[in-house]
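Every number for a ligand or one of its atoms is a count from 1 in the order of the listing. Please read these numbers as outputs of a predicted model, since none were measured by experiment.
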Amino acid sequence: MSTIIYPSPIFGPVHSRRLGLSLGINLLPADGKVCSFDCIYCECGFNADHRPALPLPTRQEVAHELELKLQQMEAEGQLPDVLTFAGNGEPTCHPHFAEIIGDTIGLRDRYCEKAKVSVLSNATMIHRQEVRDALMRVDNNILKLDTVAPLYINKVDRPNGSYDVGRIIQHMKAFEGHLIIQTMFMRGECQGESVDNTGEEYVGPWLEAVKEIGPRQVMVYTIDRETPSHSLLKATHEQLDGIRDRVIAAGIPCTASY
Ligand code: SF4
């Protein structure tokens with residue numbers, strides 16, 4: 001199984017399909033994964049297979065390593081287009097996520113003021129005021145919403161503990177458009193059950209929720225790398241294009257990545 005565990009707290013830069021030259025900021029340990037979801041398509045693998053022994057990086061370590069890397073990139077004449085919070089799990093799980101966002105914005109302003117700060121999050125912590133306030137400060141607040149069907153969420157995203165999608169949608173609405181919704185569409189099966197969310201029974205209610213939330217953009221995508229569950233299939237170009245076009249027809253910009 002060739003899933004990826006990223007260095008911590010800084011990795012890359014890497015060229016991202018969606019974001020450009022992206023310097024990664026990983027607020028999770030370097031030797032494993034910590035996430036409030038356990039998605040069957042996660043490129044980091046299943047949580048149980050990658051339990052870390054190392055602690056989370058501290059706020060000070062993140063700021064120090066980020067500044068060193070930006071100084072190095074500045075000296076090489078290649079500054080990033082985006083500083084992306086991603087990596088081995090859910091960045092908003094870090095207890096000092098809000099302070100780290102503040103530090104990162106300060107370093108961005110000092111070294112690469114044109115770069116965007118992006119956060120890729122599964123939205124499970126947006127009930128916390130300090131997390132919402134921090135996400136309001138970043139340029140690209142990218143929040144996962146794979147479906148609105150609780151059974152599908154439990155089968156595919158597999159939240160640890162309780163997860164109320166209705167409540168998540170209400171908190172997403174509170175961003176008043178300052179968010180990008182990211183949705184994984186795929187086909188195939190897991191443990192003998194279909195995990196295809198490309199049909200109307202999933203796309204229709206999802207689209208209604210998206211319209212209710214009113215994000216400034218939607219990103220639909222499909223599996224790109226090896227997944228821990230091996231019987232998953234990519235959504236087709238035609239399926240993604242069709243979903244993208246329906247979002248655009250609803251007046252919301254949307255991109256599809258294959
Ligand atoms: S939310 Fe992201 S990091 Fe967490 S399990 Fe799912 S794909 Fe992996």
Side-chain angles (χ1 to χ4, degrees), residues 1-9 11-12 14 16-19 22 24-52 54 56-57 84-94 97 118-128 131 135 138 140-165 167-169 171-172 179-188 190-191 195 197 206 218-235 257:
M1 185 187 303
S2 62
T3 48
I4 305 168
I5 293 295
Y6 292 93
S8 172
F11 63 96
V14 292
S16 155
R17 285 191 293 170
R18 296 182 289 276
L19 305 170
S22 170
I25 304 172
N26 177 11
L27 302 188
L28 294 317
D31 65 338
K33 182 187 165 198
V34 178
C35 194
S36 46
F37 275 179
D38 192 12
C39 301
I40 60 171
Y41 58 77
C42 183
E43 65 183 26
C44 297
F46 291 130
N47 294 358
D49 295 333
H50 300 283
R51 300 254 184 249
L54 295 172
L56 301 176
T84 305
F85 285 81
N88 304 337
E90 174 52 36
T92 63
C93 288
H94 195 291
F97 174 74
S118 296
V119 176
L120 288 160
S121 166
N122 63 21
T124 50
M125 298 294 158
I126 61 172
H127 59 281
R128 294 187 182 165
V131 170
L135 291 172
V138 306
N140 297 317
N141 170 27
I142 305 172
L143 300 180
K144 182 188 293 296
L145 183 69
D146 286 342
T147 180
V148 295
L151 286 177
Y152 188 90
I153 292 166
N154 289 336
K155 195 161 54 174
V156 172
D157 296 328
R158 308 195 307 165
N160 307 330
S162 68
Y163 176 88
D164 180 343
V165 71
R167 202 158 146 249
I168 296 285
I169 289 169
H171 287 309
M172 286 181 165
L179 78 163
I180 296 169
I181 288 181
Q182 185 186 56
T183 302
M184 163 69 80
F185 286 100
M186 64 183 178
R187 299 173 300 130
C190 182
Q191 295 179 333
V195 292
N197 64 339
W206 168 84
V218 173
M219 295 171 165
V220 299
Y221 71 126
T222 191
I223 295 160
D224 186 39
R225 302 201 173 103
E226 189 167 348
T227 57
S229 179
H230 292 296
S231 47
L232 310 181
L233 297 170
K234 287 169 86 84
S257 301

Those atoms of ligand 1 less than 4.0 Å from some heavy atom in [X]:
X: N122; answer: 1 (S)
X: G89; answer: 3 (S)
X: C35; answer: 1 (S), 3 (S), 4 (Fe), 5 (S)
X: K144; answer: 1 (S)

With heavy-atom distances below 4.5 Å as the criterion, would you say the side chains of [X] and [Y] are in contact?
X: P29; Y: L56; result: yes
X: I5; Y: D31; result: no
X: V156; Y: T147; result: no

Seminar exercise, completed: Taking every heavy atom of T3 against every heavy atom of H50, the minimum-distance pair comes out as OG1-NE2, 3.6 Å

Seminar exercise, completed: Shortest non-hydrogen pair, F46 vs S229, comes out as CZ-N, 3.9 Å

Report yes or no: does [X] have a heavy atom closer than 4.0 Å to ligand 1?
X: C44; answer: no
X: E43; answer: no
X: K33; answer: yes

Exercise. Would D49 and K33 pass as an ion pair if we require N to O under 4.0 Å?
Worked result: no

Exercise. Hey, is atom 6 (Fe) of ligand 1 within less than 2.8 Å of some N/O/S atom on C42?
Worked result: no

Problem set entry | Verdict with supporting geometry, F185 and W206, side chain to side chain contact (heavy atoms under 4.5 Å, CB included) | CA-CA 11 Å; F185 286 100; W206 168 84; 4.0 Å; yes

For this session: Give the residue and atom name of whichever protein heavy atom lies nearest to atom 5 (S) of ligand 1, and the separation in Å to one decimal.
Result: C39 N, 3.2 Å

